[in-house]
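Residue numbers begin at 1 in each chain, while the letters A, B, ... track the order of the sequences. Note that the coordinates shown come from a computational prediction; the quantities given were computed from them, not determined experimentally.
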Amino acid sequence: MTSISRPRVLPGFSLTLGYTVLYLSLIVLVPLAALFIKAAGLGWSEFWQAATSPRVLASYRLTFGTALAAAVINSIFGFIVAWTLVRYQFPGRKLLDAIVDLPFALPTAVSGIALTAVYSQNGWLGQYLEPLGVKVAFTPLGIIVAMTFIGLPFVVRTVQPALEDLEREAEEAAASLGASRWQTILWVIAPSVVPALLTGFALSLARGIGEYGSVVFISGNMPMRTEITSLLIISKLEQYDYAGAAAVAVMMLLVSFAMLLLINLIQRYAARRYQGVL
Amino acid sequence: MPAAAVHSAPQNVPSARVQAATEDSPIVRWSLIAISVSFMALFVLIPLAAIFAEGLRKGWDTYLASFTDSHCLAAVRLTLLVTVIAVPLNLVFGLAASWAIAKFDFRGKSLLVTLIDLPFAVSPVVSGFIYMLVFGIQGWFGSWLADHGIQVMFAVPGIVLATIFVTFPFVAREVIPLMQEQGSEEEQAAITLGASGWQTFFRITLPNVKWAVLYGVILSNARAMGEFGAVSVVSGHIRGRTNTLPLHVEVLYNEYNFVAAFAVASLLALLALVTLGLKTLVESKLHSH
């Protein structure tokens with residue numbers, strides 16, 4: 001920040017900035033603009049019709065509903081995993097910590113067929129769930145499983161640093177002032193972890209909404225019932241309905257941008273709220 | 001649990017068995033550990049083990065035979081080719097963007113940083129689709145490209161473009177914050193002492209951020225080799241020609257050739273495990289720095 005008032009000593013500003021803006025425009029901005037222009041070419045009423053037909057609406061409900069369920073599951077269990085990793089020592093802790101990132105590193109198609117193999121009716125776990133009347137593969141439940149898998153690292157990896165930064169002194173102070181363990185958790189630990197947990201929740205939700213590879217194998221892909229929005233875009237493309245696909249894609253992008261904005265707001269709020277404390 | 005005992009023994013407490021106020025009771029502790037381990041087993045470990053078990057279901061010979069198939073070899077070659085083009089391009093971009101953003105002040109900087117992260121917010125399927133609108137038959141340059149006999153969609157260039165898009169921010173977002181943190185005093189000193197811009201960059205800036213660069217490259221590499229959704233839209237699934245490894249897995253799986261599908265998938269799973277190992281290694285270097 002010291003360089004603002006000083007004259008520029010370092011070379012390469014126009015070269016690197018020019019290259020950055022050019023490359024960004026060619027790879028990201030122009031193609032994204034093409035999407036909005038294609039959708040705009042439809043005209044408002046046709047756009048709205050394409051973006052809200054019954055089959056499309058069913059896909060939104062399914063995609064958002066399952067992503068929400070997965071994000072809730074991940075917030076609960078991801079928090080427990082993060083807590084366990086930060087607070088406790090136990091054999092296998094390092095291994096557990098390392099495999100948290102696996103869903104992030106594993107190609108999504110591989111995750112998709114692996115989860116299907118495990119949760120289909122004669123799969124490793126599916127065969128025990130089937131007699132209980134629980135069908136996972138080829139139902140919305142399967143989609144939730146895939147989205148939980150894919151979103152887990154986001155919650156654990158945002159909550160973990162927040163828990164690590166927590167000062168034990170604050171907890172000790174609370175305890176010595178007579179707070180019960182539950183009161184300490186509720187009034188001392190929770191407030192400083194909630195912003196991180198919310199960020200993780202939102203990241204997991206956003207990832208679930210856009211996810212394709214790990215979901216298509218386990219979902220069954222039945223129109224109106226188990227067809228997620230990403231897959232609907234692909235089936236529109238296969239029928240050469242580019243404009244219709246563009247309309248749905250624009251809706252998806254708007255949701256993603258809204259999520260991004262939400263995540264930024266949470267982080268800004270958290271930064272402001274704890275500025276005085278930290 | 002020796003470490004737990006150390007935690008719970010402040011000096012003035014006579015017995016190490018006394019539970020500290022910030023410590024959870026053993027019942028709570030072990031229940032939470034059990035929940036964590038079971039959750040990770042159900043969602044991560046068992047599916048991972050299933051990949052290898054399903055691939056090896058018919059023995060080693062069948063497993064290994066899956067890799068000598070000519071379509072599989074073509075998929076390996078294509079995946080490597082795409083990665084070798086996409087990752088270095090994004091590396092150069094990431095370094096250029098970091099230099100401009102970290103070493104200089106200009107208007108619109110935070111907008112630029114947000115825009116660089118944008119590809120992460122775009123769903124994979126949409127990432128592939130936008131290139132169809134530019135280069136596809138119905139797209140902006142579609143007829144011009146067709147007239148000149150250049151095929152971008154359903155061919156290698158389209159796959160490369162989609163891969164560049166999905167791995168776009170990885171290097172930049174690792175390197176920018178580190179370079180910003182380090183400031184530019186060292187570079188200014190070097191320039192004042194007569195070093196050229198390139199000398200300064202290669203001898204001072206790059207060594208200072210090398211672990212962050214490597215970290216970004218490792219993540220880009222894994223994503224480039226494993227991308228499915230975006231590549232699936234632009235590839236056209238032509239066997240032996242435009243199928244990358246993840247697409248080859250899908251084709252085999254949809255043909256009910258499960259053993260071969262899981263065998264090829266296990267190769268990608270190994271790649272993921274190696275990536276995790278390298279990532280952990282580089283992370284420790286980054287933090288010790």
- request: Using distance alone, with no hydrogens and no angle criterion, decide if B:Trp30 and A:Tyr88 have a side-chain donor and acceptor under 3.5 Å apart.
  value: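 No pair is found: no donor N or O on one side chain lies under 3.5 Å from an acceptor on the other.
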message: Quiz question: by atom type and distance under 3.5 Å, do the side chains of A:Thr229 and A:Ser59 form a donor-acceptor pair?
response: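 Present: a donor and an acceptor within the cut-off.
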Contacting moiety of [X], where chain B heavy atoms sit under 4.5 Å:
X        : value
A:Ala34  : both
A:Ile37  : side chain
A:Leu253 : side chain
A:Val100 : both
A:Ala174 : neither
A:Ile189 : neither

message: Just to verify, what does A:Tyr212 make a ring-ring contact (aromatic ring centres under 6.0 Å, His included) with, not counting sequence neighbours?
response: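 So A:Tyr212 forms a ring-ring contact (aromatic ring centres under 6.0 Å, His included) with B:Phe228.
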Chain A contact via [X] - which portion, at a heavy-atom distance below 4.5 Å:
X        : value
B:Glu54  : side chain
B:Ala49  : both
B:Ile191 : side chain
B:Phe43  : both
B:Val44  : both
B:Leu118 : side chain
B:Leu276 : side chain
B:Phe168 : side chain
B:Leu219 : side chain
B:Leu48  : side chain
B:Asn90  : both
B:Tyr253 : side chain
B:Val233 : side chain

Quick check on the interface: out of [options], who has the most heavy-atom pairs with chain B under 4.5 Å?
options                                : result
A:Ala179, A:Ser111, A:Ala105, A:Gly112 : A:Ala105
A:Leu115, A:Val255, A:Val145, A:Leu15  : A:Val145
A:Thr108, A:Val30, A:Leu106, A:Leu102  : A:Leu102
A:Pro31, A:Ala33, A:Ser256, A:Gly18    : A:Pro31
A:Leu17, A:Leu260, A:Val28             : A:Val28
A:Trp124, A:Phe257, A:Tyr19            : A:Trp124

Heavy-atom pairs under 4.5 Å with chain A are the metric here; pick the option from [options] that has the most.
options                                : answer
B:Leu273, B:Leu133, B:Ile35, B:Val28   : B:Leu133
B:Gly229, B:Gly197, B:Ala121           : B:Ala121
B:Leu268, B:Thr275, B:Val134           : B:Leu268
B:Val264, B:Ile51, B:Ile46             : B:Ile46
B:Pro47, B:Pro124, B:Gly94             : B:Pro47
B:Ile164, B:Val249, B:Leu247, B:Leu245 : B:Ile164

Is the closest side-chain heavy-atom distance between [X] and [Y] below 4.5 Å?
X        : Y        : result
A:Phe104 : A:Ile150 : no
B:Lys103 : B:Thr205 : yes
B:Leu42  : A:Tyr119 : yes
A:Val136 : A:Leu125 : no
A:Gln160 : A:Phe79  : no
A:Leu35  : A:Val250 : yes
A:Glu167 : A:Glu172 : no

Before accepting this row, confirm whether a basic side-chain N of the pair [X]/[Y] lies closer than 4.0 Å to the acidic partner's carboxylate O.
X        : Y        : answer
A:Glu211 : A:Arg207 : yes
A:Asp101 : A:Arg157 : yes
A:Arg181 : A:Glu171 : yes
B:Lys109 : B:Asp105 : yes

query: Is it true that B:Phe170 and B:Phe120 have ring centroids separated by less than 6.0 Å?
result: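 Judged by ring-centre distance (under 6.0 Å), B:Phe170 and B:Phe120 do meet the cut-off.
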B:Phe258 and B:Phe262 aromatic ring geometry - parallel, tilted or perpendicular at 30°/60° bounds: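 Answer is tilted, since the angle falls between 30° and 60°.
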- request: List the steps and the verdict of side chain to side chain contact (heavy atoms under 4.5 Å, CB included) for A:Lys236 and B:Phe129.
  value: CA-CA 11 Å; A:Lys236 278 182 184 292; B:Phe129 176 37; over 6 Å; no
